[in-house]
Amino acid sequence: MTTTKSNKKDGSDRSNFFGEVYEVAKLIPKGRVTSYGAIAQYLGTRMSARMVGWAMNAVPRNQKVPAHRVVNSQGLLTGKHHFGSPTAMQQMLEKEGVKVVNDKVADFKNKFWNPSQELL
DNA sequence: CCCCTGACGACGC
DNA sequence: AGCGTCGCCAGGG
């Protein structure tokens with residue numbers, strides 16, 4: 001075995017960037033939400049938050065990434081249109097306990113999950 | 001190889 | 001507080 005050190009998690013290493021994004025997104029606790037910028041900042045604030053959202057769209061079906069738990073810094077469900085249905089994202093969030101009003105997360109500030117702080 | 005778009009964010013007015 | 005613009009990085013045509 002040895003396995004040396006390659007700690008590969010089933011193909012999550014598409015590029016450090018995408019892989020990290022998927023990992024963090026998968027770590028988001030149920031009932032909590034985070035923002036694209038927060039993930040970007042956690043990775044090193046080197047890339048724009050746009051890359052994070054982009055990574056979500058590039059998520060293969062193999063990866064179960066709760067992209068619905070990721071919203072923009074306003075708590076707005078900007079990516080809801082990418083779930084196949086414009087209401088799918090909201091439905092999933094509400095199902096997990098996250099109230100969504102007007103395509104926006106209620107108490108977003110309170111439900112915000114910061115990877116750099118919680119994950120630390 | 002050049003141009004444009006894209007699930008964002010911060011700043012300026 | 002709402003709207004507009006620029007910046008960032010990468011992929012697609």
Side-chain angles (χ1 to χ4, degrees):
Chain A
M1 340 199 84
T2 60
T3 61
T4 11
K5 66 197 251 89
S6 306
N7 210 337
K8 271 168 151 220
K9 283 203 174 154
D10 84 284
S12 310
D13 63 309
R14 253 188 120 86
S15 248
N16 258 356
F17 172 48
F18 281 50
E20 297 272 330
V21 174
Y22 301 151
E23 261 189 86
V24 178
K26 287 195 255 183
L27 289 169
I28 301 172
K30 183 176 136 193
R32 288 276 212 272
V33 290
T34 191
S35 65
Y36 305 99
I39 297 173
Q41 204 156 61
Y42 169 71
L43 297 181
T45 182
R46 284 270 194 141
M47 83 289 290
S48 319
R50 277 190 179 169
M51 303 293 93
V52 178
W54 204 345
M56 289 300 173
N57 193 20
V59 172
R61 307 304 195 214
N62 305 38
Q63 304 283 346
K64 273 106 179 226
V65 180
H68 63 271
R69 288 184 193 149
V70 186
V71 295
N72 71 351
S73 23
Q74 306 169 62
L76 196 69
L77 283 59
T78 48
K80 64 174 187 175
H81 279 286
H82 291 258
F83 283 80
S85 275
T87 48
M89 190 175 186
Q90 180 172 333
Q91 296 301 304
M92 284 195 283
L93 285 170
E94 289 196 314
K95 200 151 92 169
E96 301 197 336
V98 180
K99 190 90 167 259
V100 178
V101 180
N102 200 12
D103 294 337
K104 180 179 49 188
V105 176
D107 267 337
F108 168 64
K109 206 171 57 174
N110 193 31
K111 302 214 182 254
F112 184 73
W113 178 79
N114 192 333
S116 297
Q117 190 179 315
E118 305 295 314
L119 243 193
L120 184 56

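Numbered from 1 within each chain, the chains take letters A, B, ... in sequence-line order.
Atom CE in Met47(A) sits about 14 Å away from atom P in dC8(C), given to the nearest Å. Rounded to a whole Å, the CG atom of Asn72(A) is 12 Å from the P atom of dA7(B). dC9(C) atom P lies 12 Å from atom CH2 of Trp54(A), rounded to whole Å. Taking atom CD of Gln74(A) as the reference point, atom P of dG9(B) lies 7 Å away to the nearest angstrom. The interatomic distance linking Leu43(A) (CG) with dA10(C) (P) rounds to 13 Å, in whole Å. Atom P of nucleotide dA7(B) and atom CG of Leu93(A) are separated by 18 Å, given to the nearest angstrom. Residue Phe18(A) contributes atom CZ, which lies 12 Å from atom C1' of dG6(B) at whole-angstrom precision. Distance, Lys80(A) NZ to dA7(B) P: 13 Å, rounded to whole Å.
Thr34(A) places no side-chain N or O within donor-acceptor distance of the main-chain N or O of Val70(A), the cut-off being under 3.5 Å. Of the possible donor and acceptor atoms, one in the side chain of Ser35(A) sits under 3.5 Å from a partner among the backbone N and O of Ala38(A).
Shown are Asn110(A), Asn72(A), Val98(A); of these, the side-chain contact (heavy atoms from CB on, under 4.5 Å) with Val105(A) is made only by Val98(A).
Closest approach of Leu77(A) to Val71(A), counting heavy atoms only: CD1-CG1, 4.0 Å. Among all heavy-atom pairs drawn from Ala58(A) and Phe18(A), the shortest one is CB-CE2, 3.4 Å.
Checking dA7(B) for Watson-Crick or G-U wobble geometry (two distances, each under 3.5 Å) identifies no partner in any strand.
Using a 4.0 Å heavy-atom criterion, one finds that Asn57(A) contacts the bases of the nucleic acid, with or without backbone contacts as well. Among the protein residues, Ala55(A) comes within range of no part of the nucleic acid, since none of its heavy atoms lies under 4.0 Å from any strand. When heavy atoms are screened at a 4.0 angstrom cut-off, Met51(A) is found touching base atoms of the nucleic acid.
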Could you list, one pair per line, each protein nitrogen or oxygen that sits under 3.5 Å from a nitrogen or oxygen of nucleotides 10-13 of chain B, together with the distance?
none

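Using a 4.5 Å cut-off on side-chain heavy atoms (C-beta onward), Arg32(A) and Glu96(A) make no contact.
The ring pair (Phe, Tyr, Trp, His ring centres under 6.0 Å) check on Phe108(A) picks up Phe112(A), with sequence neighbours excluded.
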